[in-house]
Amino acid sequence: MEQKLRLLRSEEQNQSVWTRNEKRTWFLTLIVGTCMLYSTRTSMPLLLPSVAAEQKWSKTDSGTVLSAFFWGYTLTQVLGGYFSDKYGGEEVILLSAIGWSLITFWMPNIISLSNAFGVDYAIGFIVIIRILNGALQGLHFPAMSSLTSRNLSPSERTSFFSILTSGSAIGTLLTGSFGSLLLDYFGWSVAFRVIGFFGLIWTLVLRYHTMATEKHRIVTLDQPNRYFGGGASYTGDTVPWLKFFRKSSFWACVLTHACEMNCFFVLLSWLPTYFHENYPNAKGWLVNMVPWATIPFFTYFAKWLTDKMVARKASLTRIRKIIESLCFLTQNCALFIMCHTNSYPIALICMSIITGASGFHNSSCTINPQDLAPNHSGSVFGLMNTFGAVPGFLGVYLAGHILELTSSWAAVFHTSIAINTIGWLIFAFFASAEPISV
C-alpha cells in the first residue's frame, strides 16, 4: 500500500497541470510581460542623458537616480516569492505590472512635479519613485518562478523558464531601437509615455487571460483542496528556511547567482561608457543593441543542449553543472581577451559573447530553485535574486571606484573574472538538482 502511494505521488509530481494550449498561451503572455518589464526598466538609462540635460542634473544626481532602482529591487524579492507561493504568481505579476507600467507612463509628470519641491528635494522625490519602481519590478521573476514551478512538470520547467528569461534581452533591444527613435523624433517625454502605455496594454491582456483560464483543482494525497492554474488559490505552507539554510546546495545556488549577476550588472551599467572612452567613433546603436541580441541565441542553444543530455539520461545535477560551467568559462575567456585587445570589432564580439553567455546561466542556476524547492520556488528564487541584486549597486560602484583609482578597464575585467571563478567553483562542488527534503 505504501509503495502504491509513493508511485501515485511520483506520477502526480511528474505531470504538468497546464494543458498544451494553456502552456502555449501562458508562455506567450509571460515572455511578452518579461519583454515589457525590461523595456520599462531600461527606459530611464536610455533617456537619462536627455532628461539630465534638460533638468540640469549633475553626474552624481544621474547616478543616484539610476542606482535607486536596485535598492527597491532588492527589498521585495523574498516577499514576491512568498506571496506568489501563497496566493498565486499570476496575481502578484498582474498587480506589480500595473504599478511599474503606470510609473513609466507618468514619469514625465513625476519629473515635472519634482521641480515643485525645489532643487534640494527634487532628486530625492524622484529617487523615492525609482525605489518604488524597483520594488514593484522585483516581484516579477519570483512570481514567474512560482507560477511555472507549480504548473509544469520537472522535465518542462528548465526550457520553459529559461526561454521566458530571454524576454529581458528582447525588451532591452526594443527600448534601444524603438525607444531611441521615439527619443530622436518626439523627445524623452513621449518615449516614456509610449513604453508605459505598452506595459498597460499588456496588463489588460494578462488580466483577461487570468480570468479566462480554466481553473483546475488538483486533489493530492497530502495537500487536498489545492488549486492550480489561472486565478488559483495556493497553499500557505510555511517556508522551511532553516532546513534550506543548512543545505550547501541552497547556498551554492544563491552565491553563484550573485557572482554571475555581478558580471551582468557591471556590463549593463558600464558597457556604453567603455565603448565611448575607448572607441569614441563607434556607432551607439551597435553598442546598445548587438550585445543584447545574442542572449536569446545562447538561451536556445542551452535549451537544446539540456534536452540532448536529458535524452541521454544524464543526471539533472550534472546537467546543471555543465551548463553553468559553460557560462562562466565562456565569459572568462571573453573577458580575458577584452583585457588585451585594442580592436573595436573584437571588443564588440567579446562583449556580445559575455552578455550572451548569461543565457547559459538562465538555463542552469536561475532554474535551480525549482529543483531544490518545487513547492516554495518563488520564495527561494526571491532570496536568490535578493543576493543577485546586491551587485546592482555594490558591484557597479566598485567598478567605478576601480576606474577612478586606476583608469584601467583591464582591472575591472580581471575583477569580474575573479568573481566569476569563485561562483563557478562553488557551483561545481556544491550545487545539486535534488529536492531538499522538508
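One-based numbering along the sequence shown. Everything quoted here is computed from the prediction, not taken from an experiment. Only this structure's heavy atoms are used, side chains among them; waters, hydrogens and symmetry mates stay out.
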Exercise. Should we say atom CG of N342 is surrounded by more than 12 heavy atoms from elsewhere, each under 6.0 Å from it?
Worked result: no
Exercise. Hey, does the side chain of T34 reach the backbone of L30 with a donor-acceptor pair shorter than 3.5 angstrom?
Worked result: yes
Problem set entry | V92 vs Y87 side-chain heavy atoms within contact, under 4.5 Å | no
Exercise. Do other residues, nucleotides or ligands put more than 12 heavy atoms under 6.0 Å from the CZ atom of F27?
Worked result: yes
Exercise. Side chain of S84, backbone of G80: donor and acceptor closer than 3.5 Å?
Worked result: yes
For this session: Might you confirm whether atom CZ of F245 has over 12 heavy atoms from other residues, nucleotides or ligands at distances under 6.0 Å?
Result: yes
Problem set entry | Nearest-0.5 Å distance that lies between atom CG in N362 and atom CZ in F264 | 8.0 Å
Problem set entry | Candidates Y121, W57, F117 - the one meeting side chain to side chain contact (heavy atoms under 4.5 Å, CB included) with I126 | W57
Exercise. Roughly how far, to the nearest 0.5 Å, is CD1 of I103 from CD1 of I98?
Worked result: 12.0 Å
For this session: Determine the minimum heavy-atom distance between A169 and P296, stating which atoms define it.
Result: CB-CD, 3.9 Å
Exercise. Less than 4.5 Å apart, any side-chain heavy atom of T299 and any of S363?
Worked result: yes
Identify all side-chain donor-acceptor contacts of residues 105-113 below 3.5 Å with residues at least two apart in sequence or on another chain.
| from | atom 1 | to | atom 2 | distance (Å) |
| --- | --- | --- | --- | --- |
| N109 | OD1 | R193 | NH1 | 2.6 |
| N109 | OD1 | R193 | NH2 | 2.8 |
| S112 | OG | P108 | O | 3.0 |

For this session: Take the angle between the ring planes of W251 and F387 and call it parallel below 30°, perpendicular above 60°, tilted in between.
Result: perpendicular
Exercise. Does any non-hydrogen side-chain atom of R130 lie less than 4.5 Å from one of N133?
Worked result: yes
Problem set entry | Between N115 and Q55: side-chain donor-acceptor atoms closer than 3.5 Å | yes
For this session: May I ask you to decide if the ring planes of H257 and F381 are parallel, tilted or perpendicular, using 30° and 60° as cut-offs?
Result: tilted
For this session: Give, for atom CG of L37 and atom CG of L139, the distance between the pair rounded to the nearest 0.5 Å.
Result: 10.0 Å
Exercise. Closest heavy-atom contact between G171 and T42?
Worked result: O-OG1, 4.3 Å
Exercise. So do W424 and T256 actually touch side chain to side chain, heavy atoms under 4.5 Å?
Worked result: no
Problem set entry | F298 side chain near L326 side chain, heavy-atom distance below 4.5 Å | no
Problem set entry | R41 NZ/CZ over Y38 ring centroid, <6.0 Å and within 45° of normal | yes
Exercise. Do N385 side-chain atoms and Q77 backbone N/O form a donor-acceptor pair below 3.5 Å?
Worked result: no
Exercise. Do the ring planes of W18 and F160 sit parallel (below 30°), tilted (30 to 60°) or perpendicular (above 60°)?
Worked result: tilted
Exercise. Side-chain contact, heavy-atom cut-off 4.5 Å: L348 with P291?
Worked result: yes
Seminar exercise, completed: On a heavy-atom basis, the closest approach of P369 and S377 is O-CB, 3.8 Å
Exercise. What heavy-atom pair brings A68 and I131 nearest, and what distance separates the two atoms?
Worked result: O-CG1, 3.4 Å
For this session: Drop me the distance from H361's NE2 to C263's SG, to the nearest 0.5 angstrom.
Result: 10.5 Å
Problem set entry | Side-chain donor or acceptor of S146 paired with backbone N/O of A143 under 3.5 Å | no
For this session: Would you check if the distance from the ring center of F250 to the ring center of F430 is below 6.0 Å?
Result: no
Exercise. Taking side chain as C-beta onward, heavy atoms only, is L174 less than 4.5 Å from C35?
Worked result: yes
Exercise. Do any N or O atoms from the side chain of T317 and from the backbone of A433 form a donor-acceptor pair under 3.5 angstrom?
Worked result: yes
Seminar exercise, completed: Of all heavy-atom pairs linking F244 and A373, the shortest is CZ-CB, 3.5 Å
Seminar exercise, completed: Rounded to the nearest 0.5 Å, the CG atom of L182 sits from the OG atom of S189 at a distance of 11.0 Å
Exercise. Parallel under 30°, tilted from 30 to 60°, perpendicular over 60°: which one fits the rings of F275 and Y279?
Worked result: tilted
Exercise. Less than 4.5 Å apart, any side-chain heavy atom of I402 and any of S408?
Worked result: no
Exercise. Are side-chain N/O atoms of T175 and S39 paired as donor and acceptor at under 3.5 Å?
Worked result: yes
Exercise. Would you call the rings of W202 and W100 parallel, tilted or perpendicular, where under 30° means parallel and over 60° means perpendicular?
Worked result: parallel
For this session: Taking the six-membered ring for Trp and the full ring for Phe, Tyr or His, determine whether the centres of F265 and F70 are under 6.0 Å apart.
Result: yes
Exercise. What class does the angle between the rings of W188 and F192 fall in, given that below 30° is parallel, 30 to 60° is tilted and above 60° is perpendicular?
Worked result: perpendicular
Problem set entry | Among S325, S364, S432, C365, the one residue meeting side chain to side chain contact (heavy atoms under 4.5 Å, CB included) with R320 | S364
Seminar exercise, completed: Tightest non-hydrogen contact, residues N368 and S249, listed as OD1-O, 4.4 Å
Exercise. Would you find a donor on one side and an acceptor on the other, under 3.5 Å apart, between the side chain of S43 and the backbone of T40?
Worked result: yes
Problem set entry | Approximate separation, where rounding is to 0.5 Å, of I417 CD1 and M338 CE | 10.5 Å
For this session: Verify the distance criterion only: is there a donor paired with an acceptor across the side chains of W409 and E277 at less than 3.5 Å?
Result: yes
